[in-house]
Structures are given as C-alpha cells and as structure tokens.
Engineer: 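One structure coming up, written as structure tokens, with questions to follow.
Protein chains get the first letters and strands the later ones, always in sequence-line order, with residue 1 at the start of each.
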Amino acid sequence: MVNPVLLIAVPLGLAFAIPLFAFFWRPAAKYIPPAALVFNLVVSILLLAQVLENPLIVSIGGWQPPFCIILVAGPLGVLFSAIIALVGLLVSVYALDYIKEGPAEKYNMLFLLLLTGATGVVLTGDIFNLFVFFEILCISSYALVAYLRDKAGIESAIKYLIQGAVGSSLLLIGIGLLYGLFGTLNMADIAQNIKSVSPVSVFVPMVLIIAGLGVEAAIFPLNAWLPDAHSSAPSSISAILSGIAIEVGLYAVARVIFTIFGASSILLFLSLLGILTLLIGEMCAFSQNNIKRMLAYSSIGQIGLILFALAIATSYGVTGGLFQMISHTLSKALLFLAAGYMIYQAGSMEMSALEGLGKKMPLTCLAFTIGAFSLVGLPPFIGFPSKFLIVQSALAAKETFFSVLIGLALLGTVIEGAYFFRVVQVLYFKGEETNTPRKDAPVTALIPMFIFVVLSIVVGIYPKLVTDVLNSAASELINRLDYIRNILG
Amino acid sequence: MRRAVTIILLIILALGISRSLAKIPFGAHKTKVGKYYINEGIEETGATNIVTSVVLNYRGFDTLGEITVLFIAAIGLGAVLTTNVKGETRKIQPASLVLYTGCRLLFPLILVFGTYIFIHGHLTPGGGFQGGAIIASGFLLIYLGCRERRINRVASNLIESLGGLTFVLIGLLGLVFGSYFLLNFLPKGTANTLLSAGIIPIIYIAIGFKVGSELTSIIDNLIEES
Amino acid sequence: MSFLNSYIYYIGAFGLILVGFYIILVKHNLIKVIVGLGILDTGVNLFLISVGYITKGTAPIFSRPGIDSEYMVDPVPQALVLTAIVIGVAVLALALSLAIRLYQHYGTLNLRKIREQRW
C-alpha cells in the first residue's frame, strides 16, 4: 500500500534539496522537477486504482481525527493529483529548453513547490491545512509571475499579490469564525456539526471563505488580476497557472460548498455568477489583440462554465464540470505551450505578428490549432464530450432557469469559436508568401505538445476512459454524508 | 466616491461578521480539540509547552507547510531582486565607534539567546520560529553596525535546504517506523527535562537554523538592493 | 460597560481589519497599501487569538508539575496564529521586494500612475 502523504513529502523534500544538488552539479536543478513529478504520477496512478473502491484516509502524526491533520485520498483528490503531476511533468519537460534567462535554479524550486501546494490542497482534509497549502500555491505563483522581472511582470505580480493577500485574509477570518463556532478544523467534523448552529451565523463564514478562495479561482468580481498575471508570466508558468492553479481554486470552492456547508441555497446564485463570468471572459477575449491576454480571458470564460456546471449540483452536472476542468487543463496548457514558442519566433504577442506563422512552424501551429478546436468543443477532441455532458445535464435538470443559462453558455461558446478561428485564420491564411526557412520549436517542447494532442484526441474519442473515475469523483463531492462517515467512522 | 463605496462595503462586512460573532461568546469557550490537547498533550507528546506539541506534533503538517512558505518567500525575493549586472559598489559610510562596538558586543549574546529559545521550545514559550527570528535580528544588527560585512550566501542557502530536508526526513522516518508521517517515534523521556518530547526538539533545532538563515538572507537581499 | 469588557478584543481585532481594508482599497501609494496588508494581518491574528481566550486565562504550559489546567487558554489558535504570522511575513517580504523593482522600473510608487496593463 502506498501512503498518499508521499505525494506531498517527496516533492517537498526534493524541492528543499535542489540547492544541495545544484551545489555539487549545477544543471541538476532542472532535472529534479521532472523526476519528482514522474514519481507523483506513478504514485497517483497506483493509488487511483485503489481508492476507486474505498477512499484512503491517512492521519499525520498517528492520532485519531479530528485531533490531527488527515489526508483524504478519495477518487476526486487522487484524480486531481494525477492530473497535476501529468501536466506538471509535461510542462517541466517543456521548460528544460524554454527557460533560458534568469535564476533557473530558483525557477525550478518555485515551480515544484507550486505543484506541491496544489497537490496538498486537493488531498488535505483539514480546513486550516488547506489554507496553508493554498498559500504555498499562491505565494510561489506571485514570485513566478514576476520571474522575468520586466515591467509587465512586476506590475502584474504586485496586483496579483495584493488581491491574493486580501483574499487569503478573508479566508483566514472565515476559518477563525468556523473554529470559534465548532471548535474543530477537520472538514468532516465541521460538516457533521454544521446543522447545530443557526444558518445565519454559518452564512457569514461561508461567504468569507468562498470569497477568499474565489480570488484564486477567478470567479467574476474577483478576477481582475488574472489577465495581467497569466499574460505576463513566462509561458510555461502561464500554462500551469491557467491549467492548474485556477482549477485547484475551483476545486477548493466546490469542496467547501458541497462537503463542508452542504449549501443548496447559494447554488442558484453561483450558477448565475458562473454564466456572468463566462460571458464577460469570452467577450473580453474577443476584443483582444494580444494572444496571451486572449488565452487568459478565455480561461476566465472556461472557469465560468465549470462553475455553472458544478452549481447544477446533480451528479450529471458535477461530472460534466469535472470533465470540463480536465479538458480545459489539457487544452489550455497545450495552447499556452504552443503560444510560448510562437511568440518567441514572432518576437511579439500581437496578433498581427503571427501572420503566416503556420508555414514557418507547422507542428507548433498545428498543436495550437488542435488545442483551440478542443477548447471550443469540436469533435473529436476532448472538449466535445465535456461540453456535451454539461449541456445534457443542464437540460436534464428540468428547470427553465438552467435551460436559459445554458443557452447563454452556448452563446459564449460561439464567441469563443469566433476568436479562436480568427487566430487560426491569421496563422494559416494571412501574410504574404515568404521563403523564410522552417524553424519549429525544439524537441523538448514538441514532445509535451504531442502528448497533450494525443491525450485530447484519445479521450475525445473514448470518453469512457475517464467517465468512470469522474463519476465516482462527482459522487464523492455530492454525497457528503459518505465523506463524513468515511472519516469519522 | 471611492471612499463612500469603500465605507459602505466595510459597514456591510462589519455587520455580517458581528452577526456571526454573537454566537462565539468571548472568554467562555473551551473547544473540544483544545481541551483534548491540554488534557492529553503531556502524556502523548512529552512536551510541557502544549502549543509546541500542537505546532509540531498534532498539527506538524501545517508547520511543514509554514516553513515551505517562508522558504518560497526567501527564494522568490532572491529571484525578484538578483541582478546579473554588478552595479557600482555604493559608498558605505562606516558606523560610529559606539555603534560598531556595541553591535559586536551584542551579537554573540543575541545568538546565544536565540539558540536558547529554540532549544527549549518544548519547555518554555518560544521555539524554532521565534529563535530563528532573534538570530536574524542579531545579523541585522551586524548589518547596521559593521556595514561592509556580508553573510556567505552559499552557506545560508545550504543551511536552509538542510533544515528543510531534516524536517521532511524525520517525517519520513516516522513513516518507516510506524506507518505514520511525522510520528513521534523517539522515546518521550520525562516531561520538563531538556531531553524529552522525542522528535520535537530535533525539528525545532532544524527550524531554528532554517528560519534564522532564511530571514537573514531576506534582509541581505533587501539591503543589497535598496 | 460589561459589553465592552467582554468584547473589547473582538472590537479591536475587527477595528484593525476594517482599517486595513480601508487603506488597501483607498490609498494609492504602494507602500501604504503594503502597510495596510500588515495591519490587516495583525487584525486577523488578534481575532484568532481572542477566539481561543478563556476568562482569567493562563498560558498552556505545564512549567512545573501539578499546575492547574482549568484556566489554560485554547492552544490551537496560538498554533494557527504562529503559522499565520509566518505566512504574513512571507507575503510582506515578497511585496516589498516587488515594490523595490517596481520603483526601479517606473520611478514612482503611485499605483494610479502605473497603468501599463489594462482590461
């Protein structure tokens, strides 16, 4: 039996050890993150087979919950940690050649710690521990956004840091109120006792916690930092921020709403907020001329769609939301990775500089196109089954409210299609014929992109590959009584 | 306009929180978890300072995260502030003789005091973070008094990473000996003696070194750049 | 007066929190905003500590054998505050380093004047 704590302890230890390794052999620093993530991927996959039947609860320090911190390795957490490890691994391979300037040793440490924080957030069963890992995730991303130390990076990092710090203060106040009310920090224990206190006094900590986590999850009024931060970070970091950080934030929001509070009263509000986020994100993306800002706004749109799907709160809807998270992670990471070398080649992020790039770097542009098609939701890519599932579940909910909202969501998808096709058109059909030699991205970048493409096609054709896992993950989220029983016995 | 909106927002926040606070009477609360730690803490962990036993044993995983956060801040600060170009060396005005001598006199005393604080973390108020902060304040004093002195960055990086590694390895040893991460696998000893509480003093010493060198390197980076 | 007596710490804590929010939302100077973040952190920490307070409380340390544990305050919030303080220090240090760089790039710390990035 593998202990899920290894998923956190081993990468953490390796990250601490990077200066030691680099002291003896300088280039070691950049090979440690891929090694640690391979380990995580293998452990996650081993665990995944195991936890599908029975979730694994491990205590840290050897006491009984709620007196110690526990890790809950259910299908949801392990699925997320597998995805974090997979995407992180591919991006770290990409970064081997991509990160040339700056203190690379520090980049590698921060990168590995960011992913460790994300893994901790999805595995922990203790609300304060969630806060701590959330801070690991946030603080390392502040530093990484500023990694290039140019004007845009520093300015975005400052904005991100201020908003993030306010968010985490709100989160901490909420946790303090919960501790005052229930005298415990274990999520299952709080969930068990939540009905013993009047709903009014629970409502305030709930709003504070959701608002605090919502900053990182980029839910509508709290997402002003996102386009700046995601567009001025190095592209490998943008891929991680867009592909993993905001998804993990959304996971935390879902975990808090479904498991701890079991709140059905604010789900309608959240679904409305989701659609608002979606429409605003897509419309802003449509008006962008800077390709990375466009991708960042499109992440906001996708987050809105996922939030909407989760807020339907039927097992169908939550499955669809989780599926959309995976498809967004794979497609958006692919898009940012491809965009990184396209920008490198074109020398600018402006759309006009990308004209005719499809002939100069055919493989990279093909990868970008596939990522774009997948995100829009065209078959046979992974975006199609996930969006289809969301539409199906919204219609199956048999409420006119959701049907109207899903109509708006489809409108958002149309806008999304419009701007992505514009980019594809610029790449392939604009610009005069020049005889510049072909110069594609290096092999370390092409291999991760190729794997992303293969994954999105394979899962797009056989969605059955993931739906079983997703179903049990969704039922873990919805059946909070099972969760409580598993932990407290 | 901006002020008015802000004030209205804050009033809403205050009203909302006060609704919730009314349910948390001040000073009359003994929580389930807290009571358990106070009643069982000495028996189970061997540390007479219950806060320490919570910080390092019952909730040791939080502390692992916490030193990681500080580690990230130190690295991030280095990443943001290091420049490849060597700037012109600034003219350093030497400190006055009183300051110079005073700092040199106080420095070893501060180091000893900091070390005392983190070694006795399981017995008296204090611990690795507090001791580390005191040690870093000693180095800050040296930066003020003996202005041309600099710490050895390589050494401080190595101490940082060794301190963190010690914590993780002790945790993993617990996994090896008793199948729980961060299990207190060493003998607990008699309470109220220096050699008690199993792994707690060892971890606190590692944290003391790590926090001391991290805060010092943060100070060093900020001084270098300003 | 009894109300003040029993809730003075909460009032102080939330006073600090509100002052911190006000500074962050209204001020334009980055250093002032960072100071606001510091005040906000202090307020949150004070609040966490007061949640665990017990009237006539003593520190939860058994400094000599046979000490009465009746009035010992809750140790958990103290442990949480230790973590929260360290996290706050980390954020403030990073914010200050970014402020130094920002000043080198723009020659000003006024957030109103630093507007490269737009919606």
Engineer: Looking at B/Leu182, B/Asn57, B/Val69, B/Asn157, which makes the most heavy-atom pairs under 4.5 Å with chain A?
Structural biologist: B/Asn57
Engineer: Is it the backbone or the side chain of B/Val33 that comes under 4.5 Å from a heavy atom of chain A, or both, or neither?
Structural biologist: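 Looking at B/Val33, backbone and side chain both touch chain A.
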Engineer: Let me know if B/Leu169 has heavy atoms under 4.5 Å from chain A in its side chain, its backbone, both or neither.
Structural biologist: neither
Engineer: So among A/Asp126, A/Ile8, A/Thr124, which one has a side chain to side chain contact (heavy atoms under 4.5 Å, CB included) with B/Phe61?
Structural biologist: A/Ile8
Engineer: Which region of A/Leu6, side chain (C-beta onward) or backbone (N, CA, C, O), has a non-hydrogen atom less than 4.5 Å from a non-hydrogen atom of chain B, or is it both or neither?
Structural biologist: side chain
Engineer: Given a strict heavy-atom distance threshold of 4.5 Å, which part of A/Ala15 is in contact with chain B: side chain, backbone, both, or neither?
Structural biologist: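 The backbone, not the side chain.
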Engineer: Given a strict heavy-atom distance threshold of 4.5 Å, which part of A/Phe23 is in contact with chain B: side chain, backbone, both, or neither?
Structural biologist: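 Interface part for A/Phe23: side chain.
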Engineer: Counting only heavy atoms closer than 4.5 Å, note whether A/Leu110 contacts chain B via side chain, backbone, both or neither.
Structural biologist: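 When you check distances to chain B, only side chain atoms of A/Leu110 fall under 4.5 Å.
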Engineer: Heavy-atom count around B/Phe209 CZ within 6.0 Å, excluding the residue itself: above 12?
Structural biologist: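 Open: at most 12 neighbouring heavy atoms sit under 6.0 Å from CZ of B/Phe209.
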Engineer: Check whether B/Leu165 gets within reach of chain A through its side chain, its backbone, both or neither, counting any heavy atom under 4.5 Å.
Structural biologist: both
Engineer: Can you say whether B/Phe185 sits under 4.5 Å from chain A via the side chain, the backbone, both, or neither, judging by heavy atoms?
Structural biologist: neither
Engineer: Which bit of B/Glu160 is near chain A, if near means a heavy-atom gap under 4.5 Å: side chain, backbone, both or neither?
Structural biologist: neither
Engineer: How are the rings of A/Trp63 and B/Tyr58 set relative to one another: parallel (under 30°), tilted (30 to 60°) or perpendicular (over 60°)?
Structural biologist: tilted
Engineer: Taking side chain as everything from C-beta outward and backbone as N, CA, C, O, which of these in A/Ile154 sits under 4.5 Å from a heavy atom of chain B? Side chain, backbone, both or neither.
Structural biologist: side chain
Engineer: Is chain B contacted by the side chain of A/Leu208, its backbone, both, or neither, given a heavy-atom distance below 4.5 Å?
Structural biologist: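 Interface part for A/Leu208: side chain.
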